[in-house]
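Everything quoted here is computed from the prediction, not taken from an experiment. No hydrogens, no waters, no symmetry mates; every other heavy atom, side chains included, goes into these values. Per chain, numbering begins at 1; letters A, B, ... match sequence-line order.
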2 protein chains.
Amino acid sequence: MADQTSECSGPTRVTIKDLAAELGLAKGTVSRALNGYPDIAEGTRLRVSRAAERMGYRPLAQAQAIRTGRARSLGLVLNAGRSDAHKPFLTDFLDGISRGASEESWTLTVATAEDEADEVATMARLIDERKVDGFILPRTKMRDARIELCRAQSVPFILYGRTGDTTGCAWFDISGEDAMHDAVLRLAGFGHRRIGWLGGMPDYTYTHLRRDGFLAGMAAAGLVPDPSLMADGVFTVEDGAVAGLRLLDHPEPPTAVVCALDVAALGLYRAAARAGRAVGRDLAVISYDGSPEAATADPPLTSYAVDTRAAGRALASMLIARIRGTQPEDLRQVVPARLIPRASDRLSTPIPDAPREAAVPVSTRLA
Amino acid sequence: MADQTSECSGPTRVTIKDLAAELGLAKGTVSRALNGYPDIAEGTRLRVSRAAERMGYRPLAQAQAIRTGRARSLGLVLNAGRSDAHKPFLTDFLDGISRGASEESWTLTVATAEDEADEVATMARLIDERKVDGFILPRTKMRDARIELCRAQSVPFILYGRTGDTTGCAWFDISGEDAMHDAVLRLAGFGHRRIGWLGGMPDYTYTHLRRDGFLAGMAAAGLVPDPSLMADGVFTVEDGAVAGLRLLDHPEPPTAVVCALDVAALGLYRAAARAGRAVGRDLAVISYDGSPEAATADPPLTSYAVDTRAAGRALASMLIARIRGTQPEDLRQVVPARLIPRASDRLSTPIPDAPREAAVPVSTRLA
DNA sequence: TCCCTTGCCGAAACCGGTTTCGGAGCGAAC
DNA sequence: GTTCGCTCCGAAACCGGTTTCGGCAAGGGA
């Protein structure tokens, strides 16, 4: 009503009506030709698509949306509340999603929330206004309110991570459990027998998985995990420092520690410095995330890296497939993390309390 | 007339037609009532808006868009190419925008690009498909292709930063120049006379502004800047280490350094360690950004902090105002950064070559 | 009383697409 | 020569809103 300001006379969009007039066809025919309906002659289809190309016709997404119910937009609700371990990867993640989406001429709608209730409310609003056709749900929990919302509203979604109740769930994830399993075997292969554990944020699925992977790795290496060398809920540098100090103050301290997160490892570095232990010399550390800080740490931190950009891209195209009707059971993918070996897990001094001749992996059961 | 409850196969949205039927009005009337047209009786308007509230009516943004041309969506194109200093703030930034937008029931559409050409192409696509009504342009340059695109297409935009040609530009920015000016005066107040400079990324406007602020501060303090103590193009930790080493190797090294970016300061920390100088004891450092790393650095880094979340929020609401017709000249705001004094700029030893009685322009006294 | 405003609302066009329906044209089968 | 069926397209309804236009009724001045 009021404004009608400056922006007059943009280069007038070419609409489907213009196209139809140019071709001497009905606009319905043009629409069907463009959308690949079977009742259009091949020659006509070609003529139409060529003219569309030539005239630079781009269908208006909103106009399509009101009839088809598809906004051609992917939703992503970020939790901006607490300190969030995946912040440094956010740009890569967004980049991956954005590229995956724009390959199909879809777009990405981002919203933020400060807690779980807010997340659900925000998602509900986006659904209600039909702003998005589906959601990418990062950082999944074993029991996740967002998933329940999507299920209840029958809105398509894909998990970046896994969850407890998998009915109707599609997901893409990195196998943190395999990485942790592998990490233990690697350390055991170096001769370590007392291996500690710093786990991640509670609630999240990945925490359970990585922990399970650690335990499975210990079992596979023929080692018995010592509960007093295991700490959970370690997801900041400070947490890592505190928990690390506790481990190192142990009467029989670990010679190696597996961390579920790089930040925990970085905290452990601090603890080691305070406890007079030197990472990479008399304490081996392996971690998970592949964050940039790991590379510049001293000593450089061996870590299992996640290709967050690729994950974003995969999630986008999988979600689009899901929206287009692919069954969720056919959209489940777990890929391995990539080990980036650096200096933190190769000790320069002999491992204390580790018999030089110790047969390493599965065979002997020690102590 | 069977009423709609959320039942199987998708909760049926309540449309404007439903509302009209319920009220016994024409849907055009309902629309005008909701949109505040003057030709609707006050009583009717009330009745309508109450019913809309009660029935949970939410206009479908896409349907409105096709007539009004407004998608009620803000566009943000992120450059995911090179190492980007504002990555750590991205979550806050998105959160601010998202909140500012959702206060008015707008949404945020995010896309990424890897270089300037790609940015412009991505924006063109969003404009072309009318996915967004306007853009937030972060990290502006003195001469910025994105601004030229927006001007050429007459699509509303707002800068997070400033630029050379201000015609038609609205912006929100933090006064980096005032901060740097203030930093110099603060250091001069502590008695420093040889003050170095580590500037930021070239091309970007903020780099020029902060540099100008530094120089203005020097002038105001009655000091003559020494070009051999000034380095520019320092925007990674590595750059900072290299440039810092050069400064500290100077025959007459600076006793204090002002940095345009926290990362540069962190690099300077490394250089100082290597050069046998101790930040906070015999080298004062002040920086700009207020990044979390600054707080945990050793010694904690004095820095001018930017409230990125508030900036995002302001940008969102200003852009919406711009889209609604407010003139760009009325949407220009520059707010000060906030000094977070920590240990890095208060030396514990006397400043070499600095007469104790040095006259300083401001009234600050050493305790 | 008549006419002219003015306030308020209904009806319908419109936005740019999609989808349904029906029918023209044409070749083949009976 | 019909009839049938198939291919291919036009016409129109539709989606959920907005905006224009016109007209009815009440009110006021002559």
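Between B/K131 atom NZ and C/dG17 atom P the separation is 13 Å, expressed in whole Å. Taking atom CZ of B/R70 as the reference point, atom C1' of D/dG16 lies 18 Å away to the nearest angstrom. When the P atom of D/dG16 is taken as reference, atom CG of A/D128 falls 14 Å away, rounded to whole Å. Taking atom CG of residue B/L46 and atom C1' of nucleotide C/dC8, one finds them 16 Å apart after rounding to whole Å. A/K17 places its NZ atom 7 Å from the P atom of C/dG16, with the value rounded to the nearest Å. Whole-Å rounding puts the A/I66 CD1 to C/dT19 P distance at 12 Å. For the pair A/L34 CG and C/dT18 P, the computed distance is 8 Å after rounding to whole Å. Between the CZ atom of B/R47 and the C1' atom of C/dC8 there is a distance of 13 Å, rounded to whole Å.
Among the atoms of the strands shown, only primed sugar atoms or phosphate atoms (P, OP1, OP2) are found under 4.0 Å from some heavy atom of A/T15. The residue A/S31 sits close to a base: some heavy atom pair falls under 4.0 Å. The residue A/G43 sits apart from the nucleic acid: no heavy atom pair falls under 4.0 Å.
The side chain of A/K27 lies closest to C/dT18, out of C/dG10, C/dT18, D/dC15. When distances are taken from the side chain of A/L60 to each of C/dG16, C/dT18, C/dC9, the shortest belongs to C/dG16. Each of D/dG10, C/dG17, D/dG17 was ranked by its minimum atom distance to the side chain of A/Q64; first place goes to C/dG17. Among D/dG16, C/dT19, D/dC9, the nucleotide with an atom closest to any side-chain atom of A/Y37 is C/dT19. The side chain of A/L25 sits closest to D/dG10 out of C/dC9, D/dG10, C/dG16.
Comment: A/R324 engages A/E104 in a salt bridge, judged by a side-chain N to carboxylate O separation of less than 4.0 angstrom. Under a 4.0 Å N-O distance rule, the pair A/R125/A/E129 qualifies as a salt bridge. Residues B/R146 and B/E116 are not paired through a salt bridge, judged by the lack of any N-O separation under 4.0 Å between the basic side chain and the carboxylate.
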Which atom pairs, one a donor and one an acceptor, fall under 3.5 Å between side chains of residues 34-45 of chain A and the rest of the protein, sequence neighbours left out?
unit_1: A/D39; atom_1: OD2; unit_2: A/R32; atom_2: NH1; d: 3.2
unit_1: A/E42; atom_1: OE1; unit_2: A/R45; atom_2: NE; d: 3.4
unit_1: A/R45; atom_1: NH2; unit_2: A/I40; atom_2: O; d: 3.4

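The side chain of B/R13 places an N or O atom within less than 4.0 Å of a non-bridging phosphate oxygen (OP1 or OP2) of D/dG17. In terms of phosphate contacts, A/Y57 brings a side-chain nitrogen or oxygen within less than 4.0 Å of OP1 or OP2 of C/dG17. Between A/R45 and D/dC9 there is no side-chain polar atom (N or O) within less than 4.0 angstrom of OP1 or OP2. For the pair A/T68 and C/dT19, the criterion of a side-chain N or O lying under 4.0 Å from OP1 or OP2 is not met.
A distance of 8.5 Å separates CG of A/L78 from OG of B/S98, quoted to the nearest 0.5 Å.
If B/R58 and A/R32 are placed on DNA chain D by their nearest nucleotide, the residue sitting closer to the 5' end is A/R32.
Heavy-atom minimum distance, B/G134 versus B/I323: N-CD1, 4.0 Å.
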